[in-house]
Amino acid sequence: MPLSHRSTLTQFLIEERRRFPGASGDFNSLILDAALACKAIARVVAFGELSGMLGNHGTDMNGNGGSVNVQGETQKKLDVLSNDVFIRRNEWSGLLGGMASEEMDGPYQIPAKYPRGKYLLVFDPLDGSSNIDVNMSVGSIFSILRAPQEMADSGRDAIEADFLQPGTQQVAAGYALYGPTTMLMLTVGNGVNGFTLDPNMGEFMLTHPQIRIPADTEEFAINASNSRFWEAPVKRYVDECLAGKTGARGKDFNMRWIASMVAEAHRILMRGGVFLYPRDTKDPTKPGRLRLLYEANPIGFIMEQAGGRASTGRQPVMAVQPASLHQRIGFVFGSKNEVERIERYHTEPAPRAIDNPLFAERSLFRD
Ligand code: F6P
């Protein structure tokens, strides 16, 4: 292969930093540590069954037992390993005051042998983990917040409240997709840049500068098996997509569902589309499926920085004041005009057509 003319992630970050002469460079090394964690996870994922790391964590020789995380979800061996990789790659640097992740009940304290710093790292080490054992795309998501000043000054332990910052406070967010190629998508609040892992060099190379999401789309993604639990505005939206050319939208739609949010987010970044995991009535204790701090906020930041939109259906997701570390939320993101339409459906009265029995009969998802 000829020598690549592309920037590496390191070069990209250094060149970006030159625009801010006062910057210390700390932030760059934090992102490089997160990227290194992703590269390490990508290697294990790529070995699949050969890694000996597929299946549930903590099971006995007969496959019984197994550990469950704070969300009540069965942990895969790779969930636990990926969590450890993120911790080990990031705890030593002196840049972090604490970490929080999907796989840990509470904040992770930086061990006493390392200095503490002014940032907080929040992550979902392996998203879409039901896809692991079937060789489908999974990914890692991370979000960087500033530690409260008083915490950074005192070096005290991190507490849950330190992490409860709205998504608008994020200083960076990214995800790695472990698909046919490993990619890293990153925003530091100045657009979204995409990097492809060069397996020969082990480097992320800038391949997708300043990604923009088309404002319109004919592609939607939702888990239709939940349709009987959807609220009326979501039913209306999906019914209209299904009605296609013959309905209110006047155009046909296509549907996709990978069950790996990182993979859906990536498709939408590349060619537009809309993703919905809305608030529903399935389980009154869970007002949504996805987690605000380490799933919705970082993906929302990336979407908005690429010209898309990210919402709860009712308000911008990044405006939500988090109430707990593992808070779940309804989440809708993607092409701007489509997300705005869904938000509008949540505020305006349902149109008469929705009560029309003829329309109802033609809808696949009507109860
Ligand atoms: O962590 C949540 C997640 O795995 C997402 O990546 C994905 O979009 C969703 O769950 C899939 O949910 P379901 O199993 O309902 O399709």
Side-chain angles (χ1 to χ4, degrees), residues 38 41 45 54 56-57 67-83 86 100-105 122-143 173-179 183 185 219-231 234 238 255-269 273-283 285-300 302-303 308 310-313 317 324-334 339 342 365:
C38 295
I41 297 166
V45 169
L54 300 194
N56 293 342
H57 178 70
S67 57
V68 167
N69 68 14
V70 66
Q71 333 275 327
E73 290 165 350
T74 305
Q75 286 180 306
K76 301 277 184 188
K77 285 182 195 163
L78 267 181
D79 286 326
V80 175
L81 178 94
S82 305
N83 196 63
F86 256 89
S101 114
E102 175 175 343
E103 304 303 335
M104 300 184 288
D105 298 5
V122 189
F123 54 94
D124 177 353
L126 204 58
D127 178 61
S129 40
S130 70
N131 283 346
I132 294 172
D133 294 343
V134 292
N135 192 20
M136 296 287 140
S137 295
V138 289
S140 303
I141 311 173
F142 60 90
S143 161
Y175 70 78
L177 175 69
Y178 312 122
M183 293 192 71
M185 297 288 139
E219 214 162 55
F220 70 103
I222 192 164
N223 181 346
S225 71
N226 292 325
S227 61
R228 72 182 186 281
F229 305 110
W230 293 340
E231 295 176 336
V234 173
V238 175
M255 199 188 91
R256 293 282 179 269
W257 189 250
I258 306 175
S260 170
M261 190 190 49
V262 179
E264 322 265 11
H266 193 70
R267 184 188 63 247
I268 289 170
L269 265 190
V274 63
F275 171 100
L276 302 94
Y277 217 122
R279 189 174 90 177
D280 63 28
T281 59
K282 192 172 185 177
D283 177 349
T285 64
K286 292 180 186 162
R289 166 91 161 90
L290 301 174
R291 275 53 59 108
L292 175 58
L293 282 176
Y294 39 81
E295 293 182 315
N297 275 341
I299 295 295
I302 290 168
M303 289 295 143
S311 173
T312 64
V317 78
S324 64
L325 211 46
H326 301 288
Q327 178 178 350
R328 293 177 192 259
I329 195 133
F331 191 29
V332 177
F333 65 80
V339 176
I342 294 164
F365 292 156

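Just follow the structure's listing: the first ligand is 1, and inside any ligand the first atom is 1. Bear in mind that the values here come from a model prediction, so they are computed numbers and not experimental data. Hydrogens, waters and symmetry mates play no part in the numbers below; they use all other heavy atoms, side chains included.
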Legend entry - Glu102 and ligand 1 - part of the residue with a heavy-atom distance under 4.0 Å: neither
Inset, instruction - Looking only at distances, please establish whether an N/O atom of ligand 1 is found under 3.5 Å from an N/O atom of Ser129. - result: no
Legend entry - Donor-acceptor under 3.5 Å (Thr281 side chain, Phe229 main chain): yes
Legend entry - Nitrogen or oxygen of Asn223 less than 3.5 angstrom from that of ligand 1: yes
Inset, instruction - Quick one: sort the His266 and Tyr175 rings into parallel, tilted or perpendicular, breaks at 30° and 60°. - result: perpendicular
Legend entry - Numbering as shown, the atoms of ligand 1 that approach Leu290 to under 4.0 Å (heavy-atom distance): 2 (C), 5 (C)
Inset, instruction - Examine distances only and state if a side-chain atom of Gln327 and a backbone atom of Leu293 form a donor-acceptor pair shorter than 3.5 Å. - result: no
Legend entry - Any donor-acceptor pair under 3.5 Å from His326 side chain to Met104 backbone: yes
Legend entry - Protein residue, atom and distance nearest to atom 15 (O) of ligand 1, heavy-atom basis: Tyr277 OH, 2.5 Å
Inset, instruction - Decide whether the shortest distance between a heavy atom of Ser260 and an atom of ligand 1 is less than 4.0 Å. - result: yes
Inset, instruction - Give a yes-or-no answer on whether the side chains of Asn226 and Tyr277 include a donor-acceptor pair shorter than 3.5 Å. - result: yes
Legend entry - Ligand-residue contact atoms, ligand 1 with Trp257, heavy atoms, under 4.0 Å: 16 (O)
Inset, instruction - May I ask you to check if ligand 1 and Asn226 share an N or O to N or O distance below 3.5 Å? - result: no
Legend entry - Heavy-atom nearest neighbour in the protein, as seen from atom 9 (C) of ligand 1, with distance rounded to 0.1 Å: Arg289 NH2, 4.1 Å
Legend entry - Nearest heavy-atom neighbours spanning Gly300 and Ala310: CA-CB, 3.4 Å
Legend entry - Close-contact set for ligand 1 against Gly128 heavy atoms, below 4.0 Å: 4 (O), 6 (O)
Inset, instruction - Give the atoms of ligand 1, by number and element, whose distance to some non-hydrogen atom of Arg291 is under 4.0 Å. - result: 1 (O), 2 (C)
Inset, instruction - Using a 4.0 Å heavy-atom cut-off, say whether Glu295 meets ligand 1 through its side chain, its backbone, both or neither. - result: side chain
Legend entry - Arg289 backbone acceptor or donor facing Arg328 side chain under 3.5 Å: yes
Legend entry - Side-chain donor or acceptor of Ser260 paired with backbone N/O of Ser137 under 3.5 Å: yes
Legend entry - Donor on one side chain, acceptor on other, Ser101 and Asn83, under 3.5 Å: yes
Inset, instruction - Can you pull out the closest protein heavy atom to atom 8 (O) of ligand 1? Residue, atom name and distance to 0.1 Å, please. - result: Met261 N, 3.4 Å
